[in-house]
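Nothing fancy with the numbering, it's 1 onward along the sequence.
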Amino acid sequence: MNSTQPMQRGIEDHSVALEALLRERWSCRAFEDGSVPSEVMERMFTLAQLAPSWCNTQPWHVIVTSGDATTRFREGLVAHIRAIGPSRPVDFDTPRDYTGVYRERRRESGRQLYDALGIAYGDREARAAQVFRNWESFGAPHIAIVTTAAEQGTYGAVDTGVYTGCLLLAAQSLGIAAVPQGAFAYAAGFIREHFEIPADQKVLLGIGFGYAAAEHPVNAYRTNRASLDESIRFVEE
């Protein structure tokens with residue numbers, strides 16, 4: 001037997017496990033009330049901490065709420081948004097526009113969401129109510145506020161994005177549902193004040209997590225992914 005075969009088999013097993021996590025993961029938008037046990041939560045964040053970063057700087061910082069802390073933050077955020085709405089300045093530039101294929105992908109995702117909930121295209125009130133659920137973090141029992149070191153600029157944000165991806169996969173591996181929420185960027189000022197986040201940290205996003213309400217229709221749809229031909233250019237000569 002070739003001595004490389006066992007190693008190759010192990011690599012293939014890892015690939016299959018990773019593919020399963022990537023394919024099964026989705027953004028949960030309806031949660032059960034129950035909290036994640038502290039030891040499971042610690043395991044999730046321990047796994048995510050293995051994420052790679054530029055020069056191993058690990059520029060991410062995370063504030064995690066549970067119980068009454070989640071309730072206080074959610075209620076405060078909802079009141080803030082009702083009073084003034086999503087606002088600038090934000091700590092990082094958000095997309096100026098969505099054009100071409102990016103616009104189509106965004107629209108398709110929106111259509112899938114509203115179709116799953118039975119919301120008609122012209123029902124602006126129902127659509128607005130669903131959008132507002134972002135500020136409630138869809139009822140998640142835990143909310144993670146992810147910040148990054150301001151001094152590291154764009155690359156600190158990139159590293160923290162890699163960390164976020166690892167955190168989402170770690171959650172999936174433990175049966176924890178999660179939803180990354182860029183919308184929280186539009187409440188950076190409130191979030192900074194609520195959690196007394198120092199000026200040397202920038203607010204990147206929030207992540208709601210807990211256990212999925214499996215039977216809720218909003219958790220039934222899945223988004224599509226572009227083909228390799230649409231995203232990758234291989235150069236051989």
Side-chain angles (χ1 to χ4, degrees), residues 25 27-29 41 44-45 48-66 69-99 102-103 105-106 109-110 128 130-171 178-210 223:
R25 193 212 66 81
S27 291
C28 180
R29 290 180 172 84
M41 200 183 308
M44 179 179 75
F45 285 104
Q49 195 66 27
L50 298 173
S53 59
W54 184 301
C55 298
N56 197 35
T57 52
Q58 305 171 64
W60 48 81
H61 293 263
V62 187
I63 298 166
V64 183
T65 69
S66 300
T70 298
T71 301
R72 285 194 302 272
F73 172 65
R74 191 190 330 272
E75 290 177 351
L77 179 58
V78 166
H80 171 78
I81 295 299
R82 289 194 188 281
I84 67 171
S87 61
R88 296 181 183 275
V90 292
D91 286 355
F92 290 95
D93 289 339
T94 52
R96 294 187 301 273
D97 200 1
Y98 295 90
T99 61
Y102 312 118
R103 185 180 186 183
R105 290 171 184 166
R106 185 171 185 257
S109 177
Q130 180 59 32
V131 169
F132 198 84
R133 290 281 289 156
N134 276 280
W135 310 113
E136 299 168 345
S137 203
F138 305 104
H142 305 280
I143 299 173
I145 301 298
V146 183
T147 69
T148 185
E151 67 179 25
Q152 294 196 32
T154 300
Y155 281 96
V158 170
D159 285 341
T160 305
V162 173
Y163 167 82
T164 298
C166 290
L167 180 60
L168 295 174
L169 291 180
V179 55
Q181 295 186 260
F184 278 32
Y186 292 106
F190 168 81
I191 291 170
R192 183 178 303 284
E193 181 178 352
H194 183 87
F195 291 109
E196 299 181 345
I197 296 172
D200 64 356
Q201 291 293 311
K202 288 189 173 185
V203 176
L204 188 60
L205 78 161
I207 302 173
F209 67 94
T223 53

What pairs of donor and acceptor atoms, side-chain ones from residues 135-144 against any protein atom, are under 3.5 angstrom apart with sequence neighbours left out?
residue, atom, partner, partner atom, Å
E136, OE1, R133, NH1, 2.7
S137, OG, Q181, OE1, 2.6
H142, ND1, T65, O, 3.2
H142, ND1, S66, OG, 2.9
H142, NE2, V36, N, 2.9

Could you walk me through whether T57 and Y155 pass the side chain to side chain contact (heavy atoms under 4.5 Å, CB included) check?
-> CA-CA 10 Å; T57 52; Y155 281 96; over 6 Å; no

Do you know the tightest heavy-atom contact between [X] and [Y]?
X    : Y    : value
W60  : S53  : CZ3-CB, 3.8 Å
L168 : P180 : CD1-CG, 4.0 Å
R29  : Q130 : CD-NE2, 4.4 Å
C28  : V179 : O-CB, 3.1 Å
D97  : T99  : OD2-CG2, 3.7 Å
L204 : G161 : CD2-N, 4.3 Å

Any chance you could measure [X], atom [atom1], to [Y], atom [atom2], to the nearest 0.5 Å?
X    : Y    : atom1 : atom2 : value
R88  : D93  : CZ    : CG    : 7.5 Å
F209 : L167 : CZ    : CG    : 7.5 Å
T154 : D159 : OG1   : CG    : 11.0 Å

Measuring only between side-chain heavy atoms, which start at C-beta, is [X] closer than 4.5 Å to [Y]?
X    : Y    : value
P59  : T160 : yes
I207 : T164 : yes
I145 : F184 : yes
Y102 : R106 : no
F132 : V78  : yes
F190 : F73  : yes
V162 : P52  : yes

Check step by step if side chain to side chain contact (heavy atoms under 4.5 Å, CB included) holds for Y186 and T94.
-> CA-CA 9 Å; Y186 292 106; T94 52; 3.0 Å; yes

Any chance you could lay out the side chain to side chain contact (heavy atoms under 4.5 Å, CB included) test for I191 and I63, step after step, and finish with the verdict?
-> CA-CA 11 Å; I191 291 170; I63 298 166; over 6 Å; no

Any sub-3.5 Å donor-acceptor pair from R192's side-chain atoms to Q201's backbone N or O?
-> yes

Partner set under side chain to side chain donor-acceptor pair (under 3.5 Å) for H80, not counting sequence neighbours | none

Name all residues meeting the side chain to side chain donor-acceptor pair (under 3.5 Å) criterion together with Q58; count only those two or more places apart in sequence or in a different chain, and write none if there are none.
-> Q49, N56

Exactly one candidate in T147, D91, V90 meets side-chain contact (heavy atoms from CB on, under 4.5 Å) with K202; the answer is D91

